[in-house]
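The figures here come from the full heavy-atom set of this structure, side chains too, leaving out hydrogens, waters and symmetry mates. Residue numbers start from 1 in every chain, and the chains themselves are labelled A, B, ... in the order their sequence lines are given, proteins ahead of strands.
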Protein chains: 2
Amino acid sequence: MKPSQRKIEIITTAAQLFKEKGYSAVTMRDIAKAMHIKAASLYNHINSKQELLSHIIISLAEDFTTGMKEVKTAEISSIEKLKKLVALHVSISSNNTYEMASLNNDWMHLEAELDYYLKLRKDYEENLRKIIKTGIQNNEIIDVNPEVVLFSMLSTLRSLYIWIPKKEDLDIQQFTQDLSNVLLKGITK
Amino acid sequence: MKPSQRKIEIITTAAQLFKEKGYSAVTMRDIAKAMHIKAASLYNHINSKQELLSHIIISLAEDFTTGMKEVKTAEISSIEKLKKLVALHVSISSNNTYEMASLNNDWMHLEAELDYYLKLRKDYEENLRKIIKTGIQNNEIIDVNPEVVLFSMLSTLRSLYIWIPKKEDLDIQQFTQDLSNVLLKGITK
DNA sequence: TTACAAAACTAACACTTGTTAGTTTTGTTT
DNA sequence: AAACAAAACTAACAAGTGTTAGTTTTGTAA
C-alpha cells in the first residue's frame, strides 16, 4: 500500500522542518502547525513520528543504492563511473534537498530500520571504494591513499544538499560538469 | 574568569554526547549519568545546557578565525594559503573531533550567540573565497566557478571530524599531504 | 577538630513530549 | 436527504524536559 496524498504532504512538511532543526528538535505540534491542523490529526494519516523519519531516509537511501547498481555494472572506465556518480548525487540532492538533510544528520535516530540503513550505506561506500581502487590499478587514477579519495569525494557529494538551494539560478548541468572537473582534475594549473 | 576543571569535564562530556545524538536529543540527565552524578549537580558548575553548546561552538569557531587571520596575511601564494588552510582544518579537527560535530550540526540551536557565530562563519567563507578568486586571477588556479571550488573544499574540510577518528593509526602529517594533493591537484593522471 | 567552601544529593516545579480515545465536521456517493 | 468514510477536532495521558531550592556530604586549610 503506497502512501496517500495527505500522508505525502505530511512527510514533505516534516522533511522541511527536520532540515531546519533536526529530527529531535521538531515536535509533532510543529509539523501540525505548519500544516494548519492539530497534532492529533496527523495520526489519522501516519503511525508515528519515527515512521516519518524512516520513510524519508530509507526511500532516499534506496535511490542511491539503485543508482550505484546501475553505475557499477556499466561497461565504462573508472573515471566515467565516478562522473556518473557525481551526476547521480547532484540529481538526487537537487530533487530532495530537505530529505538529504535527514539522511545526513538524523540517521542515528532511526529505530527499527537503523541496521538496514547502515547496511545500505556500508554497501554504497564499499562499491565506491572498489571503483576507486580499480581506477588506481588501471592507472586511471593517481597512486594516492584510496581512503583519502573516497573521503574527499563523499564529503563533497554528501554536502550538495546544503549548497544547491543556496544558488538560486543554478544551471544543474553546468554545475555537474564543473564539480566533476574540480573533483577529478583538481584545481591547480 | 576561565572555566574550572570540573566545568571543562562537563563540557567535554557534553560534546561527546552531542556528537552521538545531537544537542536536542541529549538531556542533562544523559550528561549527568555519563559523569556518574545527578543532573542537578551539574548546575553547581554551569549555568545552562545552552551554555555548554555555546562554549563548544564559539571557542572552536574562534580558533578557525584566528587561523584564517594568520593565513590570509601571510606573504605566500594562493595555493600555499590553501595548503595552510587544509593543515589548519586537519589540526583543529583531529584535536576536537567531538566539538566539531556540534559546530557542524548544532549551530542552529545557539540562542544568544547565534548571530556572532554566523558572522564568524560568513567572514571565514568570504576570506576563503577571496583567496580562491585571487588564485584564479594569478593563474595559479584553473578558471572554474570559484563557488564550486569553495564548496568542494569546505565540504571536505568540514567533514574531517567524521573520518579522522575512524582511521586508528592515522599519520596526521601524511594525511595532510595526501589531502592537499587530492584537493588541489585532483586525482586524474 | 573545627570551619568552610566545593560539590554532591533529594525533591520538586512548570512545561513539553508523542500518542490515544472519543467526538464532530467535511465532503462525496447513493 | 441519507449514509458513510475521510479527516479534522477536543481532551487527556504518562513520561520526560531543563532547572531551582534547600540539604547533606566531601575534602582541605586553619
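- A donor-acceptor contact under 3.5 Å is not formed by the side chain of Asn44(B) with the base of dA6(C).
- For Tyr117(A), the ring-ring contact (aromatic ring centres under 6.0 Å, His included) criterion is met by Trp107(A), not counting sequence neighbours.
- Distance CD/Gln16(A) to OG1/Thr97(A): 8.5 Å, rounded to 0.5 Å.
- Per the geometry, CD1 belonging to Ile46(B) stands 10 Å off C1' belonging to dG18(D), to the nearest Å.
- Computed from coordinates, the Gln5(B) CD to dA6(C) C1' distance equals 14 Å when rounded to whole Å.
- Helix bend of the helix from dT2(C)-dA29(D) to dT30(C)-dA1(D): the angle between its two end axes, each built from five pairs, comes to 10° after rounding to 10°.
- Put simply, Tyr98(A) and Met100(A) are part of two different groups of oily side chains (I, L, V, M, F, W, Y) that touch within less than 4.5 Å, one to the next.
- Under the rule for a ring-ring contact (aromatic ring centres under 6.0 Å, His included), the partners of His109(B) that lie at least two apart in sequence or sit in another chain are Tyr23(B).
- For the pair His45(A) and dA8(D), the criterion of a side-chain N or O lying under 4.0 Å from OP1 or OP2 is met.
- Two residues are said to be in side-chain contact when any heavy atoms from C-beta on lie closer than 4.5 Å; Leu183(A) and Leu157(A) meet this criterion.
- Once rounded to the nearest 0.5 Å, the distance linking CG of Leu184(B) with CG of Leu179(B) reads 8.5 Å.
- His36(A) has its NE2 atom 18 Å from the P atom of dA7(D), to the nearest Å.
- Rounded to whole angstrom, the span from the NZ atom of Lys33(B) across to the P atom of dA8(C) amounts to 17 Å.
- For Ser41(B) and dC9(C), the shortest distance from a side-chain N or O to OP1 or OP2 is below 4.0 Å.
- The stretch residues 6-22 of chain A has no heavy atom under 4.0 angstrom from DNA chain C at all.
- Under the 30°/60° scheme for interplanar angles, the aromatic rings of His89(A) and Tyr124(A) are found to stand perpendicular.
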Under a 4.0 Å heavy-atom criterion, the protein footprint on nucleotides 11-20 of chain C, written with B, S and -, is BB----BBBB

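- Residue pairs meeting the side-chain hydrogen bond (donor to acceptor under 3.5 Å, both in side chains) criterion with at least one partner in residues 147-163 of chain B, sequence neighbours excluded, are Thr156(A)-Thr156(B), Lys167(A)-Glu147(B), Asn105(B)-Tyr161(B), Glu125(B)-Arg158(B), Arg129(B)-Glu147(B).
- Looking only at atom types and distance, the side chain of Asn138(A) has a donor-acceptor partner in the side chain of Glu140(A) under 3.5 Å away.
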